[in-house]
Number of protein chains: 2
Amino acid sequence: MTTSSKRPLRADARRNRDLIVETARAAFASKGVDASLEEIAKTVGVGQGTLYRHFPTREDLIAAAIQDDVEQLARNADKRVRARYPLKALGEWLRELALFSRTYSGLPNRVLDASVGKSGSFAELCGSLESLTDRVLVRGKETGQIRADVTAEDVFLLANAVAWSLTKARGTELLEKHIAILLRGIASGTNEV
Amino acid sequence: MTTSSKRPLRADARRNRDLIVETARAAFASKGVDASLEEIAKTVGVGQGTLYRHFPTREDLIAAAIQDDVEQLARNADKRVRARYPLKALGEWLRELALFSRTYSGLPNRVLDASVGKSGSFAELCGSLESLTDRVLVRGKETGQIRADVTAEDVFLLANAVAWSLTKARGTELLEKHIAILLRGIASGTNEV
DNA sequence: GACATAAACGGACACCATGTCCACTTATTC
DNA sequence: GAATAAGTGGACATGGTGTCCGTTTATGTC
């Protein structure tokens, strides 16, 4: 699903593409996802035209850059689906999601945008994260630990919001605290977290 | 505290200043707080130099533009402090805060920035909003309806985060739902909201 | 190996926004 | 009504985005 069905890229194009993705990832990690594309192109040593040809929009490039991380997240989430304590598992998933967002400052903004205007590879990536959230959530509903009226959309939006509000160099204590508040609000009755 | 202690502005400067603020408010309300300052200046009919002279940073201008709204919020909050049901009052305050944020798209971003790097008139304005939150919160703690370990900073950050995640043209149902989740997480025990 | 050709490239360019600077204009004060 | 401090406007330097097109290059074919 990753590689498109078109004919394979020319060798030099392939090389450039990979280099761009790798460089972009480093730049996004250190300067945030709004880093200058012009500069990324310059770092790679290609023209801007080349960069834009491979990635028509910034979000396409972001999607390519974070894809590995997202796949890793997905793998971890898969394990959690079968966890013994769904609420706790959900908490861990939220934490992981938030810490991931932290790696790329400005990402939650993009995620939010994507969740409104659905289209493109980045939006798809976000969609997959939301589905993962749903899978972890469903278990909790089955066991009755999570309120029935809470949807994956709710949880995903809220998790993204919390991640967003803590991106600017805050300690992790606040993150823990806010996740705990979220979980309490999502849980049915008086479950302890 | 609003007007600085310096000598009064020259008549023409005063007029320009007011016009700029008024125009900016309209622009921020319709295009968000990232609206082009160049364009605002052009609309007013002054040079960019004039605008920047009055408001060295964009946040200074935002602060001036939203000041009236914030004062209105403050007045309303004052009433709530003495409310009979503190948790409910807090909910109303959060709702009002979020709806206000909605009016100026992009505002939560600025609020977050300000809460990190404290300085300038805008940061002060944000600080006053946080204090208001605290006042509403304290009552709830006194009556034992709100957890002791929840601070005004927590609530303010979370409220801002929720407002942020719902700025992009979503219905108010989601807002209600998310505020309810927040309140549940903040409340001690099993208070109904 | 040479050639034809489609694919890919690079960087100049048009556009837009920010924020600064300074020669000029104008309100105020005496 | 002159002196002067206060205020003004807009040109400019800077830096980012996204497009366009003349040039270069990989690749399949003979």
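Letters A, B, ... are given to chains in the order of the sequence lines, protein chains preceding strands, and every chain is numbered from 1.
In this structure, the side chains of A/Phe156 and A/Ser115 stay at 4.5 Å or more apart for every pair of heavy atoms. Residues A/Leu112 and A/Leu157 meet the side-chain proximity criterion, which asks for heavy atoms closer than 4.5 Å. Looking at heavy atoms from C-beta onward, B/Ile181 lies out of side-chain contact with A/Ile181 at the 4.5 angstrom threshold. At least one side-chain heavy atom of A/Ile40 sits less than 4.5 Å from a side-chain heavy atom of A/Leu37. Put simply, the side chain of A/Asp68 does not reach to within 4.5 Å of the side chain of A/Gln72, judged on heavy atoms.
The shortest distance between the side-chain N/O atoms of A/His54 and the OP1/OP2 oxygens of C/dC9 is below 4.0 Å.
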Inset, instruction - Using a 4.0 Å cut-off on protein heavy atoms (strictly under), produce a 5'-to-3' string for nucleotides 10-20 of chain C with B for base contact, S for backbone-only sugar-phosphate contact, and - for none. - result: BB-----BBBB

Legend entry - Sequence-aligned protein contact record of nucleotides 24-30 of chain C, with B where the base is within under 4.0 Å of a protein heavy atom and S where only the sugar-phosphate is: --BSS--

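Counting only distance, with no hydrogens or angles, the side chain of A/Arg80 and the backbone of A/Val136 share no donor-acceptor pair below 3.5 Å. Using a distance-only test at 3.5 Å, with no hydrogens or angles considered, a donor-acceptor pair links the side chain of B/Arg139 to the main chain of B/Ala83.
A/Arg14 has its CZ atom 18 Å from the C1' atom of D/dT25, to the nearest Å. Per the geometry, CD1 belonging to B/Ile40 stands 18 Å off C1' belonging to D/dG10, to the nearest Å. Taking atom CD1 of A/Ile62 as the reference point, atom P of D/dT17 lies 11 Å away to the nearest angstrom. Taking atom CG of residue A/Leu51 and atom P of nucleotide D/dT19, one finds them 12 Å apart after rounding to whole Å. As rounded to whole Å, 15 Å separates atom C1' of C/dA8 from atom CG of A/Leu19.
At a threshold of 4.0 Å, the pair B/Arg25-B/Asp69 counts as salt-bridged, since one of the basic side-chain nitrogens sits closer than that to a carboxylate oxygen.
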